[in-house]
**Student:** 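Before anything else, here's the structure in question.
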Amino acid sequence: MRTREEAIRRAAELRELLWENSRLYYVDNSPAISDFEYDTLMRELEDIENEYPELVTPDSPTRKVGSDLETQGTGENAEKAVRRDFEQKAHRYPMLSLANTYSIDEIEEFSERADRLLEGTGFSYCCELKFDGTAICLTYRNGRLVQALTRGDGVMGDDVTENARRIGNIPLKLKGNYPEEFEIRGEILMPYEDFDRLNAEREENSEPPFANPRNAASGSLKLADPDEVAHRGLYCTLYHIPAQSLDFGTHDKALAAAASWGLPVSDKRKICRNIAEIKEYIDHWDTERRSLPYATDGIVIKINEMDAQRTLGYTAKSPRWAVAFKFKAEQACTVLESISYQVGRTGAVTPVANLTPVQLAGTVIRRATLNNADQMEVLDVRVGDRVFVEKGGEIIPKITGVDIENRPDGLEKPVFPEFCPDCGTGLVREEGVARHFCPNSEGCPQQLKGRLLHFMSRKAMNIIGGEALVDQLFSRGLARTPADLYDLSFRSLMTLEGWQERSCQRLLGSLQESRSASFEKVLFAIGIRFVGETTARALARHFGDIDSLMSADKESLVSVPDVGEIIAPSVMEFFASERNVREIERLRAAGLKFSVSVEDTALSAALDGRNIVVSGTFTISRDEIKELIVKHGGTNSSSISSRTSFLLAGVKPGPEKIRKCEQLGIRVVSEEEFFAMLPGQIPAIPKEILEPTLF
């Protein structure tokens with residue numbers, strides 16, 4: 001069992017890992033870990049937050065759906081032709097994610113829980129394939145396609161209507177007795193045949209191939225040229241009509257109706273009456289899916305009856321009436337040709353196995369992560385070994401074993417490097433930490449470039465560009481630190497290969513716009529270890545300016561909400577560095593904000609001293625709700641306690657939070673009541689159009 005200090009440290013590490021890998025998966029289409037590894041990390045964070053509820057943060061990945069709304073793709077498979085300026089529109093019904101499992105035992109628990117809660121209702125299950133693509137929400141009005149939105153962050157999505165119109169099997173006009181207006185949701189896929197053709201074309205053009213069909217589909221859906229979208233061979237399959245849009249009584253009847261209107265609904269679903277039939281369906285498709293022309297990675301089990309779905313309700317990010325069973329990763333055997341060592345932006349060194357190319361789960365695998373020195377020791381892996389590789393459609397699979405019985409003679413154990421492979425500095429490994437780190441944070445090229453990318457990211461300073469730009473600037477000596485970016489000139493940018501006048505003007509314009517970013521954004525952007533968006537906001541609001549923060553002692557820091565025994569020393573260590581202080585002065589001279597400005601200050605004291613927990617879906621985003629609380633003097637909390645002033649409950653609030661409020665006698669406030677507390681209240685959209693639903 002972890003101590004509280006260990007839990008704080010590990011939770012911070014997990015949040016950073018999960019958000020970074022969520023960005024790589026949803027935004028860059030360049031995942032760095034397997035689905036299974038990501039799900040394992042998520043489960044570990046959930047366990048920590050269950051054990052220590054006070055460590056739950058509002059921006060925890062356990063509380064939010066992954067988002068594809070970032071504007072800067074930076075991964076090696078990010079497409080140059082992808083648009084970054086799609087109009088973002090609100091989903092009429094939020095698109096949530098699915099709880100998932102790799103365990104049949106947990107499917108049995110799901111079934112038993114449904115039996116217990118729906119006793120006597122005679123419900124059934126609708127089992128379907130889980131397609132490995134990118135989510136889409138289509139709206140039809142008077143039989144014609146009028147809108148197509150990506151999932152985005154579940155509340156807002158990118159409007160990709162023109163591109164969706166070029167996907168061959170999405171009908172522009174329906175047939176039969178269709179409703180006047182409705183939404184239907186599904187997945188955009190790229191069949192294996194089109195995936196192979198596309199990658200062959202990219203290799204001929206010296207472009208990096210896509211990692212897998214899912215990444216190719218996601219990137220293709222956001223291309224700037226609709227004609228190129230048509231060329232990509234994308235395929236749509238639809239699997240859900242929100243009950244708030246059309247209620248047919250059962251999920252299966254809704255899909256049957258959609259098929260009659262000419263919509264591409266999967267015909268692989270099956271109605272099951274019990275867990276035995278569910279298992280039979282899973283076993284069948286675990287084998288038969290290999291004959292399908294597109295990628296699938298599991299089975300989705302849904303309660304079929306709409307009334308039963310409403311009874312079971314939702315958690316903060318997923319429905320209680322559905323669960324995804326993920327297939328066990330496929331396995332292949334190949335030769336380990338060499339081991340390379342990669343340095344991350346935090347200095348962590350990760351060993352990567354370079355493999356003889358092997359076909360696995362529809363893609364060619366050339367490398368796999370070895371995680372750390374301990375994992376290499378456990379596997380007893382050696383260059384020249386035949387190794388077993390598993391993956392479930394991800395770019396960097398995992399080596400799970402070694403064929404030791406057939407090991408060639410004379411293979412030597414690899415020795416983990418003592419020095420950084422990027423800058424040559426001696427590596428360190430803190431006690432109780434699995435990874436080796438390069439301590440040369442001020443001179444290691446990979447770390448410096450990583451910090452530039454973080455500073456430029458959308459959630460930080462939102463400066464256009466990505467990894468390719470950073471590589472160019474770094475290699476030419478034009479930028480090593482964020483402050484260097486503000487010294488860039490039109491003349492210096494025009495020296496970069498491939499740059500023209502418009503590119504230079506766009507980057508310089510983006511840099512100018514970034515000068516208006518709030519103090520809390522700047523504080524997050526400078527990259528203090530463990531200081532995420534929420535903590536940066538809390539520090540900015542508490543201290544008001546950078547000078548007060550830099551001079552703060554530990555006692556002052558730990559008194560700030562979201563700052564504890566791990567973060568406080570990290571903040572102090574950052575500002576103890578003369579190099580960091582000089583960097584801040586340069587950024588200040590460049591015109592960045594290092595104090596809370598008038599527009600960032602409180603709008604009123606209406607919520608002064610009130611500790612508020614937010615739960616459910618609202619007419620505006622959760623982030624906007626929480627911003628209003630802060631600007632009117634209140635504080636946000638993630639869990640109900642005796643210190644909670646009230647629970648602000650939107651549509652479908654967490655039932656556990658409601659029960660705890662009842663136990664502690666804490667008031668539950670509706671969205672309308674909340675706005676009535678604030679001066680200059682805004683009208684709320686009727687709740688009936690905000691019922692959340694599964695994508």
Side-chain angles (χ1 to χ4, degrees), residues 16 19-20 22-24 26-30 59 64 66-75 78-80 82-89 150 152-153 155-159 222 224 345 449-474 478-479 481-488 493 502-528 531-537 539-540 546 583-584 586-588 590-597 599-600 621-624 626-627:
E16 184 176 355
W19 281 126
E20 174 65 11
S22 178
R23 180 186 65 78
L24 289 170
Y26 287 108
V27 181
D28 292 347
N29 299 312
S30 184
D59 62 349
K64 287 189 172 184
S67 172
D68 62 25
L69 292 181
E70 299 271 3
T71 58
Q72 310 304 326
T74 60
E79 287 213 76
K80 296 177 182 177
V82 167
R83 278 182 59 186
R84 310 296 180 194
D85 60 346
F86 283 101
E87 183 180 357
Q88 293 176 6
K89 294 183 178 179
T150 68
D153 63 2
V155 177
M156 304 286 290
D158 282 333
D159 186 341
K222 291 192 176 183
R345 71 179 181 88
K449 288 191 282 187
R451 286 200 289 276
L452 282 170
L453 282 169
H454 171 74
F455 184 85
M456 296 170 66
S457 66
R458 183 172 179 262
K459 290 188 176 182
M461 303 304 289
N462 195 23
I463 299 168
I464 64 170
E467 192 170 349
L469 170 60
V470 168
D471 284 341
Q472 277 189 302
L473 295 174
F474 195 89
L478 295 176
T481 73
D484 293 337
L485 295 172
Y486 296 94
D487 291 336
L488 294 172
L493 290 174
R502 185 171 179 273
S503 303
C504 299
Q505 290 172 342
R506 288 186 67 230
L507 177 56
L508 292 173
S510 180
L511 285 164
Q512 181 59 35
E513 288 177 14
S514 74
R515 289 180 166 92
S516 64
S518 65
F519 174 34
E520 61 194 49
K521 290 277 190 183
V522 176
L523 191 56
F524 170 63
I526 62 178
I528 304 172
V531 174
E533 289 179 277
T534 302
T535 305
R537 182 181 300 114
L539 289 168
I546 194 70
E583 178 73 7
I584 287 168
R586 288 185 63 202
L587 291 171
R588 195 195 317 242
L592 272 63
K593 292 183 180 180
F594 280 101
S595 62
V596 176
S597 57
E599 56 266 29
D600 297 326
S621 74
R622 291 275 288 271
D623 285 343
E624 289 175 296
K626 291 175 180 179
E627 187 71 18

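As the structure is a prediction and not an experimental result, all values here were calculated from the model. Along the sequence shown, the residues carry numbers beginning at 1. Values below: every heavy atom of this structure, side chains too, minus hydrogens, waters and symmetry copies.
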**Student:** Please report the shortest heavy-atom distance between F519 and S595, naming the atom on each side.
**Tutor:**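 Smallest heavy-atom distance, with atoms named: CB-O, 3.4 Å.
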
**Student:** So do the side chains of I463 and L507 get within less than 4.5 Å of each other, counting heavy atoms only?
**Tutor:** yes

**Student:** What distance do L485 atom CG and M461 atom CE have between them, rounded to the nearest 0.5 Å?
**Tutor:** 10.0 Å

**Student:** Is the closest side-chain heavy-atom distance between I526 and L587 below 4.5 Å?
**Tutor:** yes

**Student:** Which atoms form the tightest heavy-atom contact between M156 and D153, and what is the distance?
**Tutor:** N-OD1, 2.8 Å

**Student:** To the closest 0.5 Å, what do you measure between NZ (K521) and OG (S514)?
**Tutor:** 12.0 Å

**Student:** Under 4.5 Å between any side-chain heavy atoms of D484 and R586, yes or no?
**Tutor:**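 D484 vs R586: side chains touch.
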
**Student:** Could you check whether atom CZ of R506 has more than 12 heavy atoms from other residues, nucleotides or ligands sitting under 6.0 Å from it?
**Tutor:**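 Open.
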
**Student:** Minimum heavy-atom separation for F455 to L592, with atom names?
**Tutor:** CZ-CD2, 3.9 Å

**Student:** What is the minimum heavy-atom distance between I464 and M456, and which atoms define it?
**Tutor:** O-CE, 3.5 Å

**Student:** Nearest 0.5 Å, what's the CG-NZ distance between D159 and K89?
**Tutor:**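 Between D159 CG and K89 NZ, I get 4.0 Å after rounding to 0.5 Å.
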
**Student:** Rounded to the nearest 0.5 Å, how far does CG of L469 lie from CG of L478?
**Tutor:** 10.0 Å

**Student:** If you look at every heavy atom in A460 and H454, which pair is closest and at what distance?
**Tutor:**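 Heavy-atom minimum between the residues: CB-O, 3.4 Å.
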
**Student:** I'd like to check T535 versus L523 (side-chain heavy atoms, cut-off strictly below 4.5 Å). Are they in contact?
**Tutor:** no

**Student:** Can you tell me how far the CD atom of Q88 sits from the OG1 atom of T150, to the nearest 0.5 Å?
**Tutor:** 8.0 Å

**Student:** Determine whether a donor-acceptor pair (N or O, by modelled atom type, separation under 3.5 Å) exists between the side chain of R451 and the backbone of P482.
**Tutor:** no

**Student:** Verify side-chain contact (heavy atoms from CB on, under 4.5 Å) between V522 and I546, making sure each step is shown before the conclusion.
**Tutor:** CA-CA 10 Å; V522 176; I546 194 70; over 6 Å; no

**Student:** Can you give me the closest heavy-atom contact between E583 and T481, atom names plus distance?
**Tutor:**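 Where E583 meets T481 most closely, the heavy atoms are OE1-OG1, 2.9 Å.
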
